[in-house]
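One structure below.
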Number of protein chains: 2
Amino acid sequence: MEGRDNITGGNSFPLLLLFHHLMPMYEIFFQKLREKVNLSTDEEELIKQHLTPKKLRKRQYLLQEGDVCKFIAFVEKGALRSYSVDEKGVERIIQFALEGWTISDLYSFLTSEPATYNIDALEDSELLLIGKAAHEELLATLPKYETWMRLQITGAYIAMQRRLTSIISLSLEERYASFTSIYPQIVQRVPQHMIASYMGLTPETLSRVRKKMTGK
Amino acid sequence: MEGRDNITGGNSFPLLLLFHHLMPMYEIFFQKLREKVNLSTDEEELIKQHLTPKKLRKRQYLLQEGDVCKFIAFVEKGALRSYSVDEKGVERIIQFALEGWTISDLYSFLTSEPATYNIDALEDSELLLIGKAAHEELLATLPKYETWMRLQITGAYIAMQRRLTSIISLSLEERYASFTSIYPQIVQRVPQHMIASYMGLTPETLSRVRKKMTGK
DNA sequence: AAAAAGCATTGACAAAAGTCAATGAAATGA
DNA sequence: TCATTTCATTGACTTTTGTCAATGCTTTTT
């Protein structure tokens with residue numbers, strides 16, 4: 001401890017600036033967290049100690065089908081997707097996650113059953129992982145963490161219910177219009193054939209839907 | 001209080017038996033609750049005091065689109081559905097709820113925005129309602145209630161993710177087979193055109209899917 | 001810089017699902 | 001009990017979406 005302080009000359013500012021690109025980033029995580037629960041500095045520190053920073057290169061796996069999912073991943077930077085692969089090798093995208101979003105195979109995480117989804121990076125990404133032990137310890141010791149978790153899952157549930165409702169209620173044109181207005185970022189950063197997969201369509205069909213819409 | 005005890009002669013057993021059909025039923029609720037969290041008798045009593053029993057006749061509304069949803073409803077007996085109605089008057093079923101399930105318009109409940117769904121009874125039903133004030137009081141005073149809520153929503157989220165995955169991954173035959181094996185009760189008690197609506201299909205298409213399947 | 005791989009689009013055709021109309025059976029209600 | 005409504009099924013036809021193949025444009029890799 002003292003040794004480290006000595007190296008930075010007591011005031012760590014110069015080093016922080018120099019190695020800024022090497023420092024794990026927590027900004028978006030705590031910003032999101034503070035939107036939902038009020039935390040003391042000590043409580044923030046406690047949570048920070050339970051987070052594991054991880055960087056991922058584009059195309060790198062975070063989770064592969066068959067492995068047990070041992071974390072919930074918060075995206076500080078970059079873009080990821082979760083997806084399954086059917087017998088024919090066709091990928092079905094379940095979820096995208098950009099900055100500020102959380103991604104995991106929750107069922108596998110909670111039950112320790114093998115994961116049914118893959119998760120990989122669509123761009124170079126920086127993540128904060130909450131491992132299973134950390135998750136359980138935080139649940140047991142910090143009620144505000146449980147509150148935050150409850151609110152996170154509630155939000156995810158409501159978002160998914162909207163997605164499901166739009167699938168069974170809307171025309172393709174309406175669904176794509178709704179998607180682009182809710183997730184303009186994803187439209188800009190993700191290839192269209194992946195958006196088609198997310199919508200349960202072939203790339204050709206999505207291309208034709210888009211053509212019709214610009215025509216009008 | 002004493003007056004009531006006197007009426008039943010101190011031992012309320014005879015009355016309980018006589019008016020059994022008038023007593024609110026909590027059995028399934030607490031059975032489900034105990035599966036998830038350990039509760040003392042006092043804590044169970046506290047929760048019971050925050051529940052409002054309600055009976056519903058078949059076809060009766062529990063919630064209408066446009067009203068603010070002021071409760072989460074637990075089904076002790078019967079069957080309900082939530083659904084939206086489009087401009088053409090077509091009903092889209094979002095969810096079914098049988099005994100032991102919970103139903104609500106969560107978004108409306110949490111935000112106090114007008115509900116976008118209707119909820120009504122498919123059979124004569126008995127419910128336990130958790131009103132918004134009761135919900136918030138229990139969250140604030142009984143950590144185990146928050147834990148239970150978190151687990152409930154997590155389960156609902158995982159179930160919905162499965163449903164969504166099956167919609168974008170499986171053929172109609174596979175989807176219907178999966179539905180009947182997961183929810184045999186619903187198949188028995190709910191008209192097929194409602195199951196078609198739940199699956200986002202016309203009744204004719206579901207009928208033809210079923211025909212194909214029995215043929216094989 | 002050249003080669004390869006990934007991506008979006010288009011056309012021709014096939015398969016899947018929806019629409020409309022009719023029928024008969026079953027459940028509901030007066 | 002009889003009349004009415006609800007429901008599931010079927011047929012003929014239309015619309016929507018998928019499949020396969022080809023093209024040209026980018027982006028990535030070597």
Side-chain angles (χ1 to χ4, degrees), chain A residues 56-60 78-79 81 83 85-93 96 120-124 166-177 179-180 186-216, chain B residues 56-60 78-79 81 83 85-93 96 120-125 166-180 186-216:
Chain A
L56 225 57
R57 288 255 162 67
K58 186 172 176 173
R59 293 184 159 271
Q60 215 180 326
R81 62 169 179 168
Y83 62 100
V85 182
D86 71 14
E87 327 80 51
K88 280 289 167 200
V90 179
E91 294 174 353
R92 310 286 184 161
I93 294 183
F96 295 110
D120 65 15
L122 301 176
E123 305 173 358
D124 292 351
S166 93
I167 290 181
I168 63 177
S169 309
L170 303 182
S171 71
L172 285 193
E173 278 88 347
E174 290 170 323
R175 275 170 66 195
Y176 185 70
F179 180 84
T180 57
I186 293 180
V187 176
Q188 286 173 348
R189 290 161 63 177
V190 168
Q192 267 169 41
H193 72 272
M194 290 192 186
I195 293 170
S197 166
Y198 177 88
M199 294 179 70
L201 306 176
T202 60
E204 294 94 332
T205 298
L206 181 56
S207 171
R208 285 169 184 135
V209 168
R210 280 164 43 83
K211 194 181 180 186
K212 257 194 202 167
M213 291 172 67
T214 58
K216 284 173 190 170
Chain B
L56 225 57
R57 289 254 163 68
K58 185 172 177 173
R59 294 184 159 270
Q60 214 180 326
R81 62 170 178 166
Y83 62 99
V85 182
D86 70 15
E87 328 78 50
K88 280 288 167 200
V90 179
E91 294 174 354
R92 310 285 185 162
I93 293 181
F96 295 110
D120 66 15
L122 301 176
E123 305 173 357
D124 293 351
S125 300
S166 92
I167 289 181
I168 63 178
S169 309
L170 303 181
S171 70
L172 283 193
E173 278 88 346
E174 290 170 323
R175 275 170 65 195
Y176 185 70
S178 155
F179 180 83
T180 57
I186 293 180
V187 176
Q188 286 173 350
R189 290 162 63 178
V190 168
Q192 267 168 41
H193 71 271
M194 290 191 187
I195 294 171
S197 166
Y198 178 88
M199 294 178 70
L201 306 176
T202 60
E204 293 95 332
T205 298
L206 180 57
S207 172
R208 285 170 183 132
V209 167
R210 279 164 44 84
K211 193 181 179 184
K212 258 194 202 167
M213 292 173 65
T214 59
K216 285 173 188 168

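On a predicted model such as this, the values are computed, not experimentally measured, just so you know. Just the heavy atoms: all of them, side chains too, but no hydrogens, waters or symmetry mates, feed the values below. To find a chain, count down the sequence lines: A is the first, B the second, and so on, and within it residues start at 1.
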Roughly how far, to the nearest 0.5 Å, is [atom2] of [Y] from [atom1] of [X]?
| X | Y | atom1 | atom2 | answer |
| --- | --- | --- | --- | --- |
| A/L56 | A/D120 | CG | CG | 8.0 Å |
| A/T205 | A/R210 | OG1 | CZ | 13.5 Å |
| A/L201 | A/Y176 | CG | OH | 11.0 Å |

For the rings on B/F179 and B/Y198, is their centre-to-centre separation under 6.0 Å?
yes
Distances for protein N/O vs nucleotides 24-27 of chain C N/O pairs under 3.5 angstrom?
none

Figure out the CE/P separation between B/M199 and C/dG18, and round it to whole Å.
10 Å
Just how far, in rounded Å, is P of D/dT27 from CD of A/E123?
15 Å
Hey, is A/R92 close enough to A/D86 for a salt bridge, meaning N to O under 4.0 Å?
yes
With B for base contact, S for sugar-phosphate-only contact and - for none (protein heavy atoms under 4.0 Å), nucleotides 7-26 of chain D reads SSSBBB----SSBBB-----
Five-pair end axes of the helix from C/dA1-D/dT30 to C/dA30-D/dT1 and the angle they enclose, rounded to 10°:
60°
May I have the step-by-step check of side chain to side chain donor-acceptor pair (under 3.5 Å) for A/E174 and A/S171, ending in yes or no?
CA-CA 5 Å; A/E174 290 170 323; A/S171 71; 3.2 Å; yes
Is it true that a side-chain atom of A/S169 and a backbone atom of A/S166 form a donor plus acceptor pair closer than 3.5 Å?
no
Is any side-chain heavy atom of [X] less than 4.5 Å from a side-chain heavy atom of [Y]?
| X | Y | value |
| --- | --- | --- |
| A/M199 | A/L206 | yes |
| B/Y83 | B/M194 | no |
| A/L122 | A/K58 | no |

